[in-house]
Amino acid sequence: MRRTVFNEDHEAFRETLRAFIEAEVVPVYDEWFAAGQAPRDFYYKLGELGIFGINVPEEFGGAGMDSHKFEAVLYEETARAGVQFGGSGVHVLLALPYINMLATDEQKKRYLPKFVTGEEMWAIAMTEPGTGSDLAGMKSTAKLSEDGTHYVLNGAKTFITGGVHADKVIVCARTDAPTAEDRRHGISLFAVDTTSEGYSVGRKLDKLGLRTSDTAELAFVDVKVPVEDLLGEENKGFSYLGHNLASERWGIAYGAYAQAKAAVRFATQYVRERTVFGKPVAHFQNTKFELAACQAEVDAAEAVADRATEALDAGELTPAEAASAKLFCTEVAHRVIDRCLQLHGGYGYMNEYPIARLYADNRVNRIYGGTSEVMKMIIAKNMGL
């Protein structure tokens with residue numbers, strides 16, 4: 001099917017990115033996988049390539065683009081090669097929208113130039129032990145000092161991707177108690193310097209998949225955060241978090257579609273080369289039917305992902321539409337990748353094959369950014385149910 005979502009600029013970016021991945025990532029990816037994270041200096045290379053500055057205004061060193069289509073190309077090309085760019089996805093997809101939306105001009109002058117170059121890597125800390133998706137239940141606090149010059153941050157966060165290498169972390173904390181009418185009241189966002197006294201990184205978590213992205217526990221003990229690093233208005237953090245959920249869920253949906261597409265590519269290549277009973281596996285009718293069914297599902301997911309991309313760029317992607325795209329694409333990817341692994345036989349279970357890593361990487365898509373069950377609740381509510 002002919003796609004219309006990308007233009008010549010996107011395809012030129014794709015060529016550059018594909019060459020970069022082949023030269024800088026593929027040869028060393030097994031080392032990253034074994035180490036459980038990408039090396040810190042890799043992020044400088046991404047900065048030099050311009051990956052971090054695509055959606056940053058020109059006056060702060062970026063390209064000034066107002067589109068997610070370059071990110072879409074990135075999802076496709078990393079999945080195609082069977083690699084991940086460490087924890088850098090959080091830097092761009094999750095942290096940057098908050099900076100662009102909430103930071104003052106003075107803050108942007110301090111934050112964005114180093115953001116673009118990779119000199120300062122960003123993460124975002126929402127989830128706490130015991131709260132999961134219930135962000136209104138967070139316990140971390142930020143109390144304004146008596147002289148009004150800083151906040152004192154205390155608490156703990158978990159499942160923080162990019163948390164090991166992060167130089168700045170957007171931390172969600174309570175600046176006021178919830179009210180009987182609104183549990184969400186009282187949450188604020190802060191740009192916290194990870195070199196601050198009292199800030200510490202706990203365990204680097206041992207994940208099933210996404211092995212090259214550093215995911216950690218964070219702790220804050222009387223961390224002083226200057227008032228100049230409050231993002232947006234005090235006590236309005238929850239509404240800010242909700243504002244960016246559509247783009248976050250779009251990213252997960254698009255990434256899942258790209259993984260499903262890559263899985264079909266890996267499986268097709270494998271069954272052509274693998275011989276069983278004197279014939280290539282691709283010659284058997286079951287193989288053809290399985291891959292044909294997978295391709296049909298990928299085509300459908302592609303249409304959903306492309307439609308969501310156009311809506312997001314137009315500023316029209318609703319929370320329910322984003323939830324629908326995430327639910328559909330992640331469930332398709334789950335089915336397709338599982339079937340493609342099956343076609344690899346025993347080798348599909350070996351980490352030396354990209355399909356095995358893809359199988360593990362994909363599993364979290366139905367959990368983070370809101371579980372599939374939460375997506376169904378959002379869709380149902382939008383239906384008036």
Side-chain angles (χ1 to χ4, degrees), residues 9-10 12-13 16-17 20 24-25 37-74 78 85-125 149-151 153 160-172 188-197 199 201 213-214 218 223-233 237 240 243-244 247-248 251 313:
D9 291 338
H10 302 124
F13 175 66
T16 299
L17 185 60
F20 173 82
E24 300 289 344
V25 182
Q37 62 185 33
R40 178 62 178 84
D41 61 4
F42 172 67
Y43 298 137
Y44 292 110
K45 294 180 180 180
L46 291 179
E48 292 172 4
L49 190 64
I51 296 293
F52 297 151
I54 293 172
N55 295 113
V56 172
E58 292 183 41
E59 59 265 38
F60 303 115
M65 299 289 184
D66 187 20
S67 171
H68 288 77
K69 293 181 180 179
F70 291 97
E71 292 173 46
V73 172
L74 178 61
T78 51
F85 279 180
S88 64
V90 169
H91 183 69
V92 174
L93 182 63
L94 298 188
L96 182 58
Y98 290 101
I99 300 172
N100 281 338
M101 177 176 70
L102 301 176
T104 63
D105 286 342
E106 184 276 331
Q107 287 174 324
K108 288 178 180 178
K109 289 177 183 177
R110 286 193 287 123
Y111 300 153
L112 288 176
K114 293 181 180 180
F115 181 102
V116 170
T117 62
E119 185 177 348
E120 286 187 350
M121 294 300 295
W122 287 64
I124 184 164
T149 62
H150 63 273
Y151 291 86
L153 174 65
I160 310 306
T161 299
V164 175
H165 284 319
D167 301 288
K168 296 276 191 182
V169 178
I170 298 174
V171 178
C172 311
S188 300
L189 308 185
F190 301 90
V192 179
D193 191 320
T194 63
T195 62
S196 302
E197 184 178 352
Y199 179 102
V201 178
S213 69
D214 51 304
L218 306 179
V223 176
K224 292 182 179 180
V225 183
V227 293
E228 293 81 9
D229 286 322
L230 171 69
L231 287 172
E233 294 184 43
Y240 299 146
H243 185 274
N244 285 323
S247 62
E248 178 183 352
D313 273 8

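The chain is numbered in sequence order, starting from 1.
Under the ring-ring contact (aromatic ring centres under 6.0 Å, His included) criterion, Phe13 pairs with Phe70, not counting sequence neighbours. Scored by the side chain to side chain donor-acceptor pair (under 3.5 Å) test, Glu228 finds no partners at all (sequence neighbours excluded). Under the side-chain contact (heavy atoms from CB on, under 4.5 Å) criterion, Leu93 pairs with Glu71, Tyr75, Trp250, not counting sequence neighbours. Partners of His10 according to the side chain to side chain donor-acceptor pair (under 3.5 Å) rule, which considers only residues two or more places apart in sequence or in another chain, are Asn7. Residues that satisfy the ring-ring contact (aromatic ring centres under 6.0 Å, His included) test with Tyr199, not counting sequence neighbours, are Phe220. For Tyr111, the side chain to side chain donor-acceptor pair (under 3.5 Å) partners at least two apart in sequence or on another chain are Asp229. A search for side chain to side chain donor-acceptor pair (under 3.5 Å) contacts involving Thr161 returns Thr215, not counting sequence neighbours.
Rounding to the nearest 0.5 Å places CD1 of Ile160 at 11.5 Å from CD1 of Ile170. Remark: Phe85 CZ to Leu17 CG distance equals 5.0 Å, nearest 0.5 Å.
Here the shortest heavy-atom pairing between Val92 and Pro97 reads O-CD, 3.4 Å. When all heavy atoms of Thr194 and Ala166 are compared, the closest pair comes out as OG1-O, 3.0 Å. The two atoms that bring Ala125 and Val169 nearest to each other are CB-CG1, 3.7 Å, heavy atoms only. Contact record, Gln37 with Asp214: OE1-CB, 3.9 Å, taken as the closest heavy-atom pair.
For Ser88 (side chain) and His91 (main-chain N/O), no donor-acceptor pair under 3.5 Å exists by modelled atom type. Side-chain atoms of His68 do not come within 3.5 Å of backbone N or O of Gly251 as any donor-acceptor pair. Using modelled atom types, no side-chain atom of Ser196 and backbone atom of Val223 make a donor-acceptor pair closer than 3.5 Å.
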- Item | side-chain contact (heavy atoms from CB on, under 4.5 Å) assessment of Val201 paired with Leu218 | CA-CA 5 Å; Val201 178; Leu218 306 179; 4.0 Å; yes

Show which side-chain atoms of residues 56-67 pair as donor or acceptor with protein atoms under 3.5 Å away, not counting sequence neighbours.
unit_1: Ser67; atom_1: OG; unit_2: Lys69; atom_2: N; d: 3.1
unit_1: Ser67; atom_1: OG; unit_2: Asp313; atom_2: OD2; d: 2.6

For residues 43-54, run the donor-acceptor check on the side chains, cut-off 3.5 Å, and write out each pair with its distance to 0.1 Å, sequence neighbours left out.
unit_1: Tyr43; atom_1: OH; unit_2: Gly87; atom_2: N; d: 2.9
unit_1: Lys45; atom_1: NZ; unit_2: Glu24; atom_2: OE1; d: 3.0

Show which side-chain atoms of residues 114-123 pair as donor or acceptor with protein atoms under 3.5 Å away, not counting sequence neighbours.
unit_1: Thr117; atom_1: OG1; unit_2: Lys114; atom_2: O; d: 3.2
unit_1: Thr117; atom_1: OG1; unit_2: Glu119; atom_2: N; d: 3.2

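Within the structure, the salt bridge (Lys or Arg N to Asp or Glu O under 4.0 Å) test picks out the following pairs touching residues 96-108 (sequence neighbours left out): Glu106-Arg110. Within the structure, salt bridge (Lys or Arg N to Asp or Glu O under 4.0 Å) contacts touching residues 161-170 (residues at least two apart or in different chains) are Arg40-Asp167, Lys168-Asp193.
The side-chain contact (heavy atoms from CB on, under 4.5 Å) test with Met101 is passed by exactly one of Leu96, Asn244, Leu231: Asn244.
In this structure the side chain of Lys224 never reaches within 4.5 angstrom of the side chain of Thr149, judged on heavy atoms.
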